[in-house]
Amino acid sequence: NAGVTQTPKFRVLKTGQSMTLLCAQDMNHEYMYWYRQDPGMGLRLIHYSVGEGTTAKGEVPDGYNVSRLKKQNFLLGLESAAPSQTSVYFCASSNNKQGAQGNQPQHFGDGTRLSIL
Amino acid sequence: SQELEQSPQSLIVQEGKNLTINCTSSKTLYGLYWYKQKYGEGLIFLMMLQKGGEEKSHEKITAKLDEKKQQSSLHITASQPSHAGIYLCGADKAAGNKLTFGGGTRVLVKP
């Protein structure tokens with residue numbers, strides 16, 4: 001049971017470099033999310049997707065881009081990394097059901113620790 | 001956007017003692033989720049509450065949502081070292097499942 005898998009687990013970048021974080025889920029979930037976690041600020045939503053081929057902005061989208069070309073994958077890109085993007089990034093997925101059953105809990109990956117020098 | 005306030009920010013309890021964590025919102029919540037996080041790891045889902053007055057339990061952990069759906073508590077009975085970690089509450093205001101998280105409560109259980 002892999003669940004949600006994030007790669008890489010750790011990365012150090014120099015300011016201005018670009019990189020892509022990969023998130024893969026094997027639960028056939030429709031919804032996928034990218035969060036960042038910073039000390040004292042909890043988790044903040046960067047971007048999310050409600051289905052293959054769709055993306056939407058979250059609370060802190062600036063400096064990031066995302067793509068959902070396949071249902072099981074959600075990519076987070078940093079075009080020009082900045083020290084302010086040093087953080088732990090979490091991917092999550094969920095399968096919401098409409099109507100009386102309401103929302104379903106999100107399942108999280110183990111995170112990617114990213115340092116920008 | 002709604003804000004979620006968690007209290008306390010951290011606490012240290014003696015093994016075997018009970019502890020309670022609170023999560024408060026200024027707005028009515030559609031759903032309230034409790035997660036646990038160990039250092040260097042992802043979030044583990046604990047419980048979801050959606051109805052006013054709802055209460056759920058799993059092993060020694062009980063979560064409650066008040067009638068107004070603005071405050072939730074997480075209670076651990078007879079704490080063990082395995083209960084140590086960071087507890088986060090997350091909430092959404094409507095269907096669509098975009099969660100807002102509280103700042104987390106760091107729990108340390110002393111043997």
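Everything numeric here is computed off the predicted structure, so don't read it as measured data. Chain naming here is simple, since letters A, B, ... match the order of the sequence lines and numbering starts at 1 in each.
- Interface residue B:Gln37: only side-chain heavy atoms are found under 4.5 Å from chain A.
- Within a 6.0 Å radius of NZ in A:Lys71, other residues, nucleotides and ligands contribute more than 12 heavy atoms.
- The parts of B:Leu43 that come within reach of chain A are both its backbone and its side chain, each placing non-hydrogen atoms under 4.5 angstrom from that chain.
- Looking at A:Arg113, the atoms closer than 4.5 Å to chain B (heavy atoms on both sides) all sit in the side chain, from C-beta outward.
- Criterion: ILVMFWY side-chain heavy atoms under 4.5 Å apart, direct or through other members. Under it, A:Met32 and A:Leu76 are part of a common hydrophobic cluster.
- Using a 4.5 Å cut-off between heavy atoms, A:Leu45 touches chain B through its side chain atoms alone.
- In B:Arg106, the CZ atom is not crowded: 12 or fewer heavy atoms of neighbouring residues, nucleotides or ligands sit closer than 6.0 Å.
- By the 4.5 Å heavy-atom criterion applied to side chains, B:Leu99 and A:Tyr33 are not counted as neighbours.
- Annotation: A:Glu52, atom CD; neighbour count of heavy atoms from other residues, nucleotides and ligands within 6.0 Å is above 12.
- No part of A:Gln6 comes within reach of chain B, as not one of its non-hydrogen atoms sits under 4.5 angstrom from that chain.
- Atom NZ of B:Lys56 has more than 12 heavy atoms from other residues, nucleotides or ligands within 6.0 Å.
- Closest heavy-atom contact between A:Pro105 and B:Tyr35: C-OH, 4.0 Å.
- Taking CD of A:Gln106 as the start and OH of B:Tyr33 as the end, the distance is 7.5 Å to the nearest 0.5 Å.
- When the shell of 6.0 Å around CD of B:Glu55 is examined, it contains more than 12 heavy atoms from other residues, nucleotides or ligands.
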